[in-house]
Amino acid sequence: MTAVSHRVSVAEWAAAADAVRGLAPGDEIQLICHVNPDGDALGSMLGFGLGLRRLGFTRVRATFPGQFEVPVPYQALPGLDMLVPAVEAYREARLILIFDVAAESRLGALAPLAVEGFSVVLDHHASNTRFGRINLVDARAAATSVVASSLLDRLGVPLDAEIAECLYVALATDTGSFKFDLTTPAVHELAARLIATGISPADISRRIFDTRPFGAMKLAGEVLGRAQLDRTAAGGRGMVWTYATLSDLERYEQRPYVLDTLIDPIRSVAEADVAVVVKETGPSEWAVSLRSKGAVDVSAVAVALGGGGHRLAAGFTGHGTPEEIVKAVRDLLDANLT
Ligand code: AMP
Ligand code: MN
Ligand code: MN
C-alpha cells in the first residue's frame, strides 16, 4: 500500500465532486459504513445521503455489513428510511460512497461490491488502506463527518436541520463531545454551522450520551467492577482492562452496543496510560477496544493484531480468552511506546 496521506489533495476533492456531478438523477447510489456502526459511521453516511437527495438524486440507499441492528440511540437519526439490509444494497450502483471504513475487512460481505464498483472512500483513520477508486482520507479530521461536510460544501448542498443533526451526532461522538485531541477551531466552526440550522445539542446529547436502560447501567457496574490494573505494562505506564461476555449481556437482557461506552470510564483510570475492553461477539471471538493517553500508539498495536484505528483509539478482533488477548496486547505495548 502507498504511504498514508494525512490530507486530501485538490485533485482528489475534484475527482470526488466530479463523480457525483457526473450522475443522472435516477442513477443508483449506494452508501456503506462499517460493521457495528457508531455515531460517526451512521451520522456521516446518512447526513451525506440526505445531501444527495437535496441534489435531486432519487435512488440512494445506505447499508452496513454484519448484523443489521441500529443502536437505539441512533434510531431517531434523520434519513434512516434510506437504510436497507446489506442483501438489499444496489449490486450495480453507479457510485458507491464508503464512510468511516479504514480497511476492506470492516466491510465484511460487502467488500467485493465496494472494491469492484466505482467507490469513493470518505474516512479519517491514519491506518486507512486507500482501497477505493477515490480516497478522501484525512487523518487529521476529527470525524468522517468533517470530510463528508467538506464534500457537501463542494457540491453546493446547503446545510439544513436534518443533515446537520446527522453530522452533529457524528462529530460529537467521535470527538467525545468535543474533548479529544483533534478538536480544532475548525471542528467548533463546523459545530457552530450545524447548530445554526436550529438543531438542539442538549436534546441530541441527552439522547445519544445520557440515556441508557437500567439493565445497561447494572451491567456496566459489574463489568467495571471486574477491571484489573497492570501497573508494569507499557514500560511502567500501566494498563487497565476488563471484559464482557455474551452471557453478561444475556443476564441483563442488553444488546452488544451498550458495551461500547464502557471504555470511557475504564480509560479514566489515573494509574494507566492504556485502557482495554474485550467484548465477546461470538464463539471465541471478541471485539477489542484500545485507548491511550499518549504514551503508546495503540493503532500500531491494533494493526499488528489485524485491526486498525487512530493513535489514541483503536481496535481489533481477538480470539481465545480475554486473558490471552490482553497478554497479546501487553506483549506489543512496550514495542509501541511513543
Ligand atoms: P472502538 O473501540 O470500537 O470505539 O474503535 C476505536 C477505533 O478503532 C475506531 O476508529 C474504529 O474504527 C477502530 N477499530 C475498531 N475495531 C476495529 C477493527 N476490528 N478493525 C479495524 N479498526 C477497528
Ligand atoms: Mn467509526
Ligand atoms: Mn470515525
Side-chain angles (χ1 to χ4, degrees), residues 4 32-48 64-66 70-71 73-74 98-108 111 121-129 131 136-149 166-176 180-183 187 190 208-209 241-244 256-267 274-282 285-292 296-319 325 328-329:
V4 167
I32 307 175
C33 70
H34 64 71
V35 65
N36 300 325
D38 52 24
D40 189 28
L42 287 168
S44 58
M45 175 170 76
L46 297 175
F48 197 87
F64 55 85
V70 175
Y74 305 129
I98 302 174
F99 297 84
D100 208 37
V101 174
E104 289 155 60
S105 60
R106 301 275 281 161
L107 286 171
V121 170
L122 294 84
D123 189 36
H124 67 131
H125 292 91
S127 62
N128 190 288
T129 58
F131 59 91
L136 308 179
V137 179
D138 183 354
R140 288 187 212 149
T144 292
S145 63
V146 173
V147 180
S149 79
C166 290
L167 298 181
Y168 187 87
V169 165
L171 194 58
T173 47
D174 259 30
T175 57
F180 297 160
D181 62 330
L182 294 170
T183 309
V187 164
L190 174 57
I208 302 292
F209 303 116
W241 67 278
T242 192
Y243 67 93
Y257 74 84
V258 306
L259 301 173
D260 291 344
T261 52
L262 295 185
I263 191 71
D264 291 317
I266 290 289
R267 73 184 173 79
V274 177
V276 185
V277 177
V278 182
K279 297 165 279 190
E280 191 177 21
T281 51
E285 190 185 277
W286 307 75
V288 186
S289 289
L290 302 174
R291 299 292 184 272
S292 165
V296 179
D297 177 356
V298 286
S299 111
V301 174
V303 167
L305 294 168
H310 313 275
R311 207 170 63 80
L312 303 183
F316 66 94
T317 301
H319 302 278
I325 290 165
V329 170

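Whatever order the structure lists them in is the order used to number ligands and atoms, beginning at 1.
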Keeping [X] on the side-chain end and [Y] on the backbone end, is there a donor-acceptor pair under 3.5 Å?
X: Tyr74; Y: Gly39; value: yes
X: His124; Y: Ala139; value: no
X: Asp40; Y: Ser145; value: yes
X: Thr129; Y: Ala103; value: no

Could you confirm whether His34 has any N/O/S atom lying under 2.8 Å from the Mn ion (ligand 2)?
-> yes
If you look at Asp40, which of its N/O/S atoms is nearest to the Mn ion (ligand 3)?
-> OD2
How far apart are the C-alpha atoms of Asp123 and Val101, what are their side-chain angles, what is the distance that settles it, and do they pass the side-chain contact (heavy atoms from CB on, under 4.5 Å) test?
-> CA-CA 6 Å; Asp123 189 36; Val101 174; 5.8 Å; no
For ligand 1, which atoms sit closer than 4.0 Å to a heavy atom of Gly309?
-> 8 (O), 13 (C)
Per-atom contacts of ligand 1 with Thr317, taking only distances under 4.0 Å to non-hydrogen atoms |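 Heavy-atom distances to Thr317 below 4.0 Å select 19 (N).
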Taking both backbone and side chain into account, is any N, O or S atom of [X] nearer than 2.8 Å to the Mn ion (ligand 3)?
X: Asp38; answer: no
X: Asp174; answer: yes
X: His125; answer: no

Are Arg106 and Asp100 within salt-bridge range, i.e. N to O under 4.0 Å?
-> no
What N, O or S atom of Asp100 is found closest to the Mn ion (ligand 2)?
-> OD2
Heavy-atom proximity to atom 20 (N) of ligand 1, best of His125, His310, Arg106 |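 Selected option, by shortest heavy-atom distance: Arg106.
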Identity of the nearest option to atom 3 (O) of ligand 1, non-hydrogen atoms only, from Ser105, Gly307, Ser289, Ala143 =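 Among Ser105, Gly307, Ser289, Ala143, the closest heavy atom to atom 3 (O) of ligand 1 belongs to Ser289.
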Residue, atom name and distance, where the atom is the protein heavy atom closest to [atom]:
atom: atom 13 (C) of ligand 1; answer: Gly308 O, 3.5 Å
atom: atom 4 (O) of ligand 1; answer: Arg291 NH2, 2.9 Å
atom: atom 15 (C) of ligand 1; answer: Gly315 CA, 3.4 Å

Count the heavy atoms of every other residue, nucleotide or ligand shown that sit under 6.0 Å from CG of Asn36, and state whether that count exceeds 12.
-> no
Is the closest heavy-atom distance from [X] to ligand 1 below 4.0 Å?
X: Ala103; result: no
X: His34; result: no
X: Ala314; result: yes

Using the side-chain contact (heavy atoms from CB on, under 4.5 Å) rule, take Thr173 and Asp38 through it: C-alpha gap first, then chi angles, then the decisive distance, then the call.
-> CA-CA 8 Å; Thr173 47; Asp38 52 24; 5.9 Å; no
Stepwise, does the side-chain contact (heavy atoms from CB on, under 4.5 Å) test hold for Val187 with Leu182?
-> CA-CA 8 Å; Val187 164; Leu182 294 170; 5.9 Å; no
Steps toward side-chain contact (heavy atoms from CB on, under 4.5 Å) verdict (Asp138, Val146) = CA-CA 9 Å; Asp138 183 354; Val146 173; 5.7 Å; no
